[in-house]
Amino acid sequence: MDEIFRVILNQHQSDPSEPREVKPQKPPKSMPVRILISLAVTLVFAAVYFYISLPALNIHAPEFYWFFFLILAVFSVCMMILGGFRAASPGEYIGYLRKNLKIPFFLICLLIAVVVIGSVSGMVIFRTKAYSSLLQLETGNFTEEVAEINYNQIPMLDSQSANNLSNRKLGELSDLVSQFTVNPESAQINYNDVPVRVSYLDYDNLFKWLSNRSEGIPAYLYVNMVTQEVTVQRLEEGIKISPSEYFNRDLQRYLRFRYPTKMFTDVNFEIDEEGTPYWIGSVTTRTIGLFGGRDVIGAVLLNAVTGESTYYDIDDVPQWVDRVFLAELVIEQYDYRGRYHNGFFNAIFGQENCTETTDGYNYIALDDDVWVYTGVTSVSGDLGNIGFILVNQRTKEGSYYSCAGAEEYSAMSSAQGAVQQYDYQATFPLLLNISDQPTYFMALKDAAGLVKMYAMVNVQQYQIVATGTSVATCEESYRRLLAESNLIDDSDVSIDSNLNYQQVDGAIAEIREATMNGNTQYFIRLIGESVYYQISAASAPLTVILNVGDEVTIEFLSADGEIIAANAVTRK
């Protein structure tokens, strides 16, 4: 038996001296066939990649060059494989590449050269003057150019508080809260001369999108930044174009297919004066070299319901549009101006007269436009501002105001210190003109993000701090502090007569105490009256020691009701 197996094994063993039989390889496809197949594969790849990544087909867009490079790479790989990649020896393969991929190789080298040269030509070290000239500013006079703002124009909320209110409002609407969520990105705009924050809704998930896509998103929300009232604006026809859509109704894809060469720096949600929802796409270009000097040249207005869109050059953007130049772009351009206006090497070494914006910004409503406010400080990182800028978000018109004083975070700390017993947090300040005094105005929020009080801090003398449970009481206290510091006349202490302030004298018949939202409130009724005057201990500490029978003077804003908010209480 062993002999039989040995014979069989020997029959299957090959003689090493005999040449092995090599299976014949299929000959490579002809050159025209290879090119056609490679082109077909490349076009399919390009279409899929463009649909997913949405690169701008613009020579100033870095993603355009990456897209072009990938197309060349895919074509070259296909040609390599179809040319007999597995059969060729290294020498034959190199020869094949030299012969058949000259054009793709040349284009890739050209692509790399263009990107390198374009990047170097736009470097700050070579184009310092151009970078420092991106933002043009006039030197302004604060007291003459920034009028005292009316109460119905002072935004009393920040974005976080406004979003919290929007989410709570949505939670009250059973037909919406189960299907949609409030997008955290909200834009502050002027709507019929009132500052509001407008928010759009997203589909909660893919299944909610499938259930609601035919009707679209049925509403949007806006928060009145003065009264803190949230409005849910129902639409006759739903929003069909939005960031939470899929496929061709996705906002970015919808814009890209209609404007393949436009570079959009941001697309934000606004409403016109009739309440029609629009997407405002800021269109940018690069003005320095190939990739440097980002600036806005126009805007696309896209009707969120119908999908109709129009491109406007920057000078032709309609008046109702408020956000074209975003705050981040304005700050970026000022930092170039502040750092490099005396040259590149001065910005690095000597740093003479080098300035930069402070860490934060806010918005001011002026002349039916929204203006970006931010402070200006030295690059050395001190805690004081040397001035501030106001820049129009629609036109980029801007002014610089020289005003040495506290920087915003120092003012915020000062305001928080005035009510440290409550552990409130201050919002980033808004800059106001109060009796020709540059003044930081901010809301004071509790741990839940609810606005409890307001504070005003003098920019130049930030130890002057006033707080109040209403803007009126806060300003009243602030003006009195200004008069006590001889910054304004006593005649300027009285605030806008249109507010109809009144006074009442009398003896206290009853005084009650209650803690509301963490604040101690006193309710005072005078002899012979039925109404109660409400005032907080924080804004009028005297109320803590008042007793029944004390003669007092109460100042209040004329109003109706059983409880009236008071601004001040003094003992006679």
Side-chain angles (χ1 to χ4, degrees), residues 150-157 161-162 164-165 168-169 171-172 194 223-232 419 421-422 424 441 443-446 448-456 466-480 493-572:
N150 295 326
Y151 283 110
N152 61 357
Q153 294 178 310
I154 299 178
M156 301 180 190
L157 299 170
S161 298
N164 289 341
L165 291 174
R168 288 172 183 168
K169 185 66 174 180
E172 300 172 3
V194 176
V223 182
N224 188 310
M225 303 287 282
V226 179
T227 65
Q228 305 185 31
E229 178 185 0
V230 184
T231 300
V232 179
V419 290
Q421 68 273 25
Y422 301 121
Y424 292 157
F441 170 80
L444 298 169
K445 304 190 298 182
D446 64 10
L450 300 177
V451 175
K452 298 298 184 180
M453 299 181 69
Y454 304 95
M456 290 183 178
T467 61
T469 55
S470 69
V471 178
T473 57
C474 182
E475 183 181 355
E476 183 83 11
S477 299
Y478 179 68
R479 287 177 181 269
R480 286 174 177 163
V493 170
S494 178
I495 59 179
D496 192 346
S497 59
N498 293 330
L499 294 175
N500 195 17
Y501 272 90
Q502 298 181 9
Q503 288 185 344
V504 61
D505 298 328
I508 297 177
E510 185 180 0
I511 183 168
R512 299 185 182 186
E513 176 185 341
T515 300
M516 303 173 63
N517 297 323
N519 294 327
T520 302
Q521 303 284 334
Y522 286 89
F523 298 82
I524 302 172
R525 183 176 65 83
L526 301 181
I527 294 175
E529 293 197 12
S530 60
V531 301
Y532 287 85
Y533 299 95
Q534 176 187 353
I535 194 165
S536 72
S539 59
L542 176 67
T543 54
V544 177
I545 60 173
L546 290 177
N547 298 298
V548 173
D550 289 345
E551 293 283 341
V552 295
T553 298
I554 300 176
E555 185 179 85
F556 62 96
L557 187 63
S558 181
D560 297 324
E562 296 180 0
I563 299 176
I564 296 177
N567 305 309
V569 176
T570 57
R571 185 154 49 183
K572 297 179 66 174

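For clarity, every value in this text was computed on a predicted model and none was experimentally measured.
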**Request:** Run the salt-bridge test on Glu172 and Arg168 with the 4.0 Å N-O cut-off and return the result as yes or no.
**Result:** no
**Item:** Minimum heavy-atom distance between Ala507 and Gly549, given as atom pair plus value
**Value:** CB-O, 4.0 Å
**Message:** Under the rule for salt bridge (Lys or Arg N to Asp or Glu O under 4.0 Å), what residues qualify as partners of Arg512, not counting sequence neighbours?
**Reply:** Glu510
**Item:** Rounded distance [0.5 Å steps], CZ in Phe523 versus CD in Gln534
**Value:** 4.0 Å
**Prompt:** According to the side-chain hydrogen bond (donor to acceptor under 3.5 Å, both in side chains) rule, which pairs have a member within residues 540-554, sequence neighbours left out?
**Reply:** Asp505-Thr553
**Item:** Val419/Lys452 under side-chain contact (heavy atoms from CB on, under 4.5 Å): CA gap, chis, key distance, verdict
**Value:** CA-CA 11 Å; Val419 290; Lys452 298 298 184 180; over 6 Å; no
**Complete:** Of all heavy-atom pairs linking Ala448 and Asn164, the shortest is O-ND2, 4.2 Å
**Asked** Between atom CD1 of Ile554 and atom CD1 of Ile524, what is the distance when rounded to the nearest 0.5 Å?
**Response** 5.0 Å
**Qualifying residues under side-chain contact (heavy atoms from CB on, under 4.5 Å), relative to Val548, sequence neighbours excluded** = Ile511
**Request:** Go through the steps to decide whether Thr520 and Val544 satisfy the test side-chain contact (heavy atoms from CB on, under 4.5 Å), and finish with yes or no.
**Result:** CA-CA 10 Å; Thr520 302; Val544 177; over 6 Å; no
**Item:** Residue pair Tyr424, Asp446: steps toward the side-chain contact (heavy atoms from CB on, under 4.5 Å) verdict
**Value:** CA-CA 5 Å; Tyr424 292 157; Asp446 64 10; 4.0 Å; yes
**Nearest-0.5 Å distance that lies between atom CZ in Arg525 and atom CD in Glu562** = 12.0 Å
**Fill in**
Distance col, row Thr570:OG1 vs Gln503:CD, nearest 0.5 angstrom, shows 7.0 Å
**Request:** Determine the minimum heavy-atom distance between Val232 and Lys169, stating which atoms define it.
**Result:** CG2-CG, 3.7 Å
**Request:** Heavy atoms only: give me the nearest Phe441-Pro155 pair and the separation to one decimal.
**Result:** CE2-O, 3.9 Å
**Item:** Distance (rounded to the nearest 0.5 Å) between Leu546 CG and Arg571 CZ
**Value:** 6.0 Å
**Prompt:** Of all residues at least two apart in sequence or in a different chain, which pass the side-chain contact (heavy atoms from CB on, under 4.5 Å) check with Ala466?
**Reply:** Ser477, Tyr478, Leu481
**Prompt:** Quick one: side-chain hydrogen bond (donor to acceptor under 3.5 Å, both in side chains) partners of Tyr533, sequence neighbours excluded?
**Reply:** Glu529
**Item:** side-chain contact (heavy atoms from CB on, under 4.5 Å) between Lys445 and Val451, worked out
**Value:** CA-CA 4 Å; Lys445 304 190 298 182; Val451 175; 4.1 Å; yes
**Request:** Considering non-hydrogen atoms only, spot the tightest contact between Ala566 and Phe556 and give its length.
**Result:** CA-CB, 4.0 Å
